[in-house]
Each structure stands twice: as C-alpha cells, then as structure tokens.
Amino acid sequence: MTRKVLIRGGYLIPTAERDTDIPEADILIEDDTITDVGESIDADVDHIVDATGRVVIPGLIDVHRPLWETVLGSSIPDVTWTEYQSRRHTLRQVFTPDDVYAGTLLGAASALHSGVTTIVDFDDLASTPDHIDAAASALRRAQVRALHAVVSDGHRAGTAAAPRPLPAAAVVWTGPDPVHVDRIRSAREQNLLIYVDVGRCPAAVEQLAAQIALGTDMIYLNAGDQTARSLALIAESGGTVSWSPALNAVTGQAPTAWTRFAAAGLTPAVASGGALVTSLDPFDQLRSAYQHARLAAHQANRRGTGGAVPTARTVLGWATTAPARALRLGHLIGSLEPGKQADLVVLDLDTLTAGPVSCPVTAVVLGASAAHVTDVFVAGRRLKEDRVLMDIDSESVGDAAHEAHVRIRLAAGRRPAAH
C-alpha cells in the first residue's frame, strides 16, 4: 500500500536556481516520491510532520567525501598540501577492515545527522577486497543515498546504496601513463561516472583532452590551479569541478579558484574533500564557499577583471542542483518538485545562534549548522526525526569509532585523542 506523508507549513526553498520560495508550503510525499507542492494541500495521509516556523530545503549532496577519514577527524591540523598528502598516506596504511567499517558508518551517520542525503564515498583507502566490502556494508547499514567510488586499480568500482543506487564511478588519476586513458575508455564503455584528479599538473586537462574526448561524465578534483585553457575545456565538454574551499584554504591550495571557475563559465559542486583537516558540517562548507567566492569576486572586480558576485542562493545551488547534475541525477534529486525523490531537510533556525530569520536562504547558508537540522528524509524515509537518527544507535557508532581511532593512532605511532 502507498504510504502518504504531509510536511506542513514550512518555509520551502524548492530549488536554489529559481526564486520560487513558498513561505508556508505543504509537501505531499507518496512512498519515495514528492507528488505535490503548494499551499494548504488537502489530502488523506498516514502522517503529518509539522514544519511551521521551520525551513525546508533539498537534501544536501557531497560529491567527494572519503568517509573512512571521519574516524580521524581533525587529526592532522596545520599542514601544507604536501604534508597533508604524506601524513594521510601513512594513516591509510594501518586501517583494518573493521576500522574502515567504523569510520564509514560514523561518516555516513554524521552526514545524515547534518542534512547530507547523498554522498559519494571517495574510497581511496581500498586496500583489499575486505576493506572495500567493509565500506560498502557500512553504507548499506546507514541507508544514506550513496555511491561507493573505489580508488584502486581502476577496475573495481560499484555502488553500495540505499534505498536506491547511484550510478557507479571509476576514479582515474591523470598522468603521462597511457593506462589512465585506457581506464577512462573502459569506464565510459560501462557508462560510469569518471572522477579525474588534476591537482598534480596545471595543464592536466589539456594533456588529457589531447588523448581522449572529454565529456559530461567527468568530475574534476583539485582543479583550482588548472590553466585557463584547461578550465575552458572542462566547461566546453560539460564537465563538473568538485570544489573543497575549506580544505584548499587550510592546506594552501588554489586561493583564486572561484574566479578562475567563473571566468570559464563553470558552476562548482561544493564538497568536503575529507575530514582530516576540516569540518564535515556541510553548512561550514557552504559558508567557506560563500566567503571565498565573494572575496575572490570582490578582489577581481577591484582589478577590473571580475564579474557577478555570487549570492547565498547561488551557493546553496552548489550543494544541491549542481552536484545532482554532476551525478546525472538532476531528474531525481537536487530540488523539491513533484515527480522527484523525497530527499529533504527540515531546519529550525529560530534559535539564539541563527534567528530571528529575516531571509531564510541567507540564514541557511550563513547561520545554519548540523545542530539546526531537525528532520531528514531520504527517498521518503524519515531517517532523522526531531533531531534524533531513527535507525542508527549514535552512541554505539561513536564508541566503535573511538576504539578504531585509538587503534589507528597507536599503529601509526601517534598518541590517541582523549575520549
């Protein structure tokens, strides 16, 4: 039988691309799908969620989040990019499959708790089949909408998703070796998404384009320092850049990334990029993107080389509609409209830290945090209710993560953090 849920009376921001907010909106959900959006919907339903005085937004999407890192959150602060990569490599070597499960489940639970309904788990630990299976099992347990992107030899990649899978992804590291181009061809034959890390060479995209056609199936990591021609090639081919401004800033990468993206006509998908040096609260990531983009735009305008300064609504789109398109799921997620999956977040912003709310869109980007998220729906399932995760025992997940944290730090020769 069809189960009907009505979310009543919230301030609805249905999409970040159009100024079509509804101050007192009802959202009718039938099973996993939104069937109606508007004022005062009259329908026989099984359950009503009172969102009066609250803000309802699409579920947030993170296209690059290595969930295994979550168990070591903020463990290597104050590092340069080179130091970050080196220490990260050392820590990866001591993870057991049980550690991967604990970190991935913690990361997925943290994401749901903070309003992220879709994650690309960028599994670049992927040491053995057991490690890979442990991460996939944790994603299934969490029930978040997830893509498990395995970064290994380019041949094993797949999905581990609930309640509906995302397209699989192959992850390719660029370089002079022809094997990378072969992997792209192989991934494309399987209709997979293709992640391309271009952070090692400013002209990486130009070099790649000389060997193979670029396309809409490509998502580029660490592209802020790419040449103007490389970024233009990404834009011309319909590719997407994944931008992690907080990670870039902390480690000294690509301070002018936004103006370079904007000059090429690229709309970034904001992503956390990892937990080792930055906050995983998605609203912190939105604020970082907003602040860095506006600062870069203002500086460019003072030099006479800039363009439009991004708004809070624009930035919200970088975590909803833009990543949905990048994942080739814009027809299913990224906005709250009839016919789309019911992935949505309810926020109580009328608090000491965020209220009173004058402009809900700005309040979400500048004032919200995970603490303001009261309810989370993924494909119509209420996975967080009244600030409590419904199907995950947060205490046991935290305890298991702490045990893994201690073991990993000791194995890596570092003092464990206090519990």
Side-chain angles (χ1 to χ4, degrees), residues 62 64-77 79 81-112 116 119-142 144 146-161 169-173 195 197 221-222 244 247 250-251 271-280 392-394 396-419:
D62 193 331
H64 179 206
R65 183 183 284 216
L67 291 179
W68 64 267
E69 287 188 12
T70 315
V71 75
L72 293 172
S74 303
S75 63
I76 52 172
V79 291
W81 181 255
T82 301
E83 292 169 336
Y84 166 73
Q85 294 289 358
S86 176
R87 294 188 193 179
R88 190 173 183 272
H89 177 74
T90 299
L91 290 168
R92 274 194 337 217
Q93 307 310 305
V94 299
F95 268 72
T96 68
D98 287 344
D99 298 332
V100 171
Y101 182 89
T104 303
L105 184 55
L106 176 67
S110 170
L112 282 172
V116 177
I119 311 168
V120 178
D121 177 17
F122 202 79
D123 186 2
D124 57 347
L125 187 138
S127 301
T128 68
D130 287 343
H131 286 78
I132 295 170
D133 291 342
S137 177
L139 291 175
R140 286 191 293 269
R141 171 67 186 85
V144 66
L147 183 158
H148 185 206
V150 179
V151 187
S152 54
D153 60 4
H155 298 296
R156 180 168 181 175
T159 60
V171 184
V172 181
W173 305 105
Y195 273 77
D197 190 328
L221 307 178
N222 303 311
S244 303
L247 175 62
V250 170
T251 57
S272 59
L276 295 177
V277 296
T278 64
S279 165
L280 282 183
I392 296 176
D393 183 344
S394 300
S396 64
V397 169
D399 288 344
H402 176 70
E403 291 175 7
H405 172 95
V406 171
R407 199 209 66 78
I408 294 162
R409 297 278 289 184
L410 289 173
R414 297 181 181 278
R415 186 175 63 186
H419 187 27

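The basis for the numbers below is simple: all heavy atoms, side chains too, and nothing from hydrogens, waters or symmetry mates.
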Minimum heavy-atom separation for [X] and [Y], please, with both atom names.
{"X": "His148", "Y": "Asp121", "answer": "CD2-OD2, 3.6 Å"}
{"X": "Ala142", "Y": "Leu112", "answer": "O-CD1, 3.4 Å"}
{"X": "Ile392", "Y": "Arg141", "answer": "CA-NH2, 4.0 Å"}
{"X": "Arg65", "Y": "Ala111", "answer": "NH1-CB, 3.7 Å"}
{"X": "Val71", "Y": "Gly103", "answer": "CB-CA, 3.8 Å"}

Can you find a heavy atom in the side chain of Ser272 that is under 4.5 Å from one in the side chain of Asp62? yes
Close side-chain approach of Val277 and Ile76, heavy atoms under 4.5 Å: yes
Is it true that a side-chain atom of Ser244 and a backbone atom of Ala271 form a donor plus acceptor pair closer than 3.5 Å? yes
Flag, side chain of Ser75 to backbone of Leu72, donor-acceptor distance under 3.5 Å: yes
Please enumerate all residues that pass side-chain contact (heavy atoms from CB on, under 4.5 Å) together with [X], with sequence neighbours excluded.
{"X": "Asp393", "answer": "Glu395, Ser396"}
{"X": "Thr278", "answer": "Ala246, Leu247, Val250, Gln285"}
{"X": "Ala102", "answer": "Ala404"}
{"X": "Glu83", "answer": "Val79, Thr80"}

Mind checking the [atom1]-[atom2] spacing from [X] to [Y]? Nearest 0.5 Å is all I need.
{"X": "Ser74", "Y": "Leu280", "atom1": "OG", "atom2": "CG", "result": "8.0 Å"}
{"X": "Asp197", "Y": "Leu221", "atom1": "CG", "atom2": "CG", "result": "5.0 Å"}
{"X": "Arg92", "Y": "Glu69", "atom1": "CZ", "atom2": "CD", "result": "9.0 Å"}
{"X": "Leu91", "Y": "Asp99", "atom1": "CG", "atom2": "CG", "result": "11.5 Å"}
{"X": "His131", "Y": "Asp98", "atom1": "NE2", "atom2": "CG", "result": "9.0 Å"}
{"X": "Leu276", "Y": "Gln85", "atom1": "CG", "atom2": "CD", "result": "10.0 Å"}

Please test Leu105 against Leu139 for side-chain contact (heavy atoms from CB on, under 4.5 Å), starting from the C-alpha separation and ending with a verdict. CA-CA 7 Å; Leu105 184 55; Leu139 291 175; over 6 Å; no
Any side-chain donor paired with an acceptor under 3.5 Å for Ser86 and His89? no
Should the pair Trp81 and Tyr84 be assigned to parallel (<30°), tilted (30 to 60°) or perpendicular (>60°) ring geometry? tilted
State which residue, out of Val144, Val120, Thr104, Asp123, fulfils the side chain to side chain contact (heavy atoms under 4.5 Å, CB included) condition with Leu67. Thr104
What's the verdict on side-chain contact (heavy atoms from CB on, under 4.5 Å) for Thr96 and Arg407, showing C-alpha distance, side-chain angles and the deciding distance? CA-CA 10 Å; Thr96 68; Arg407 199 209 66 78; 3.5 Å; yes
Check ion pair Arg88-Asp124 (N to O, under 4.0 angstrom): yes
Residues which pass ring pair (Phe, Tyr, Trp, His ring centres under 6.0 Å) with His64, listed by chain and number, not counting sequence neighbours: Phe122
State which residues pass ring pair (Phe, Tyr, Trp, His ring centres under 6.0 Å) with Phe95; sequence neighbours excluded, sorted by chain then number. Trp68
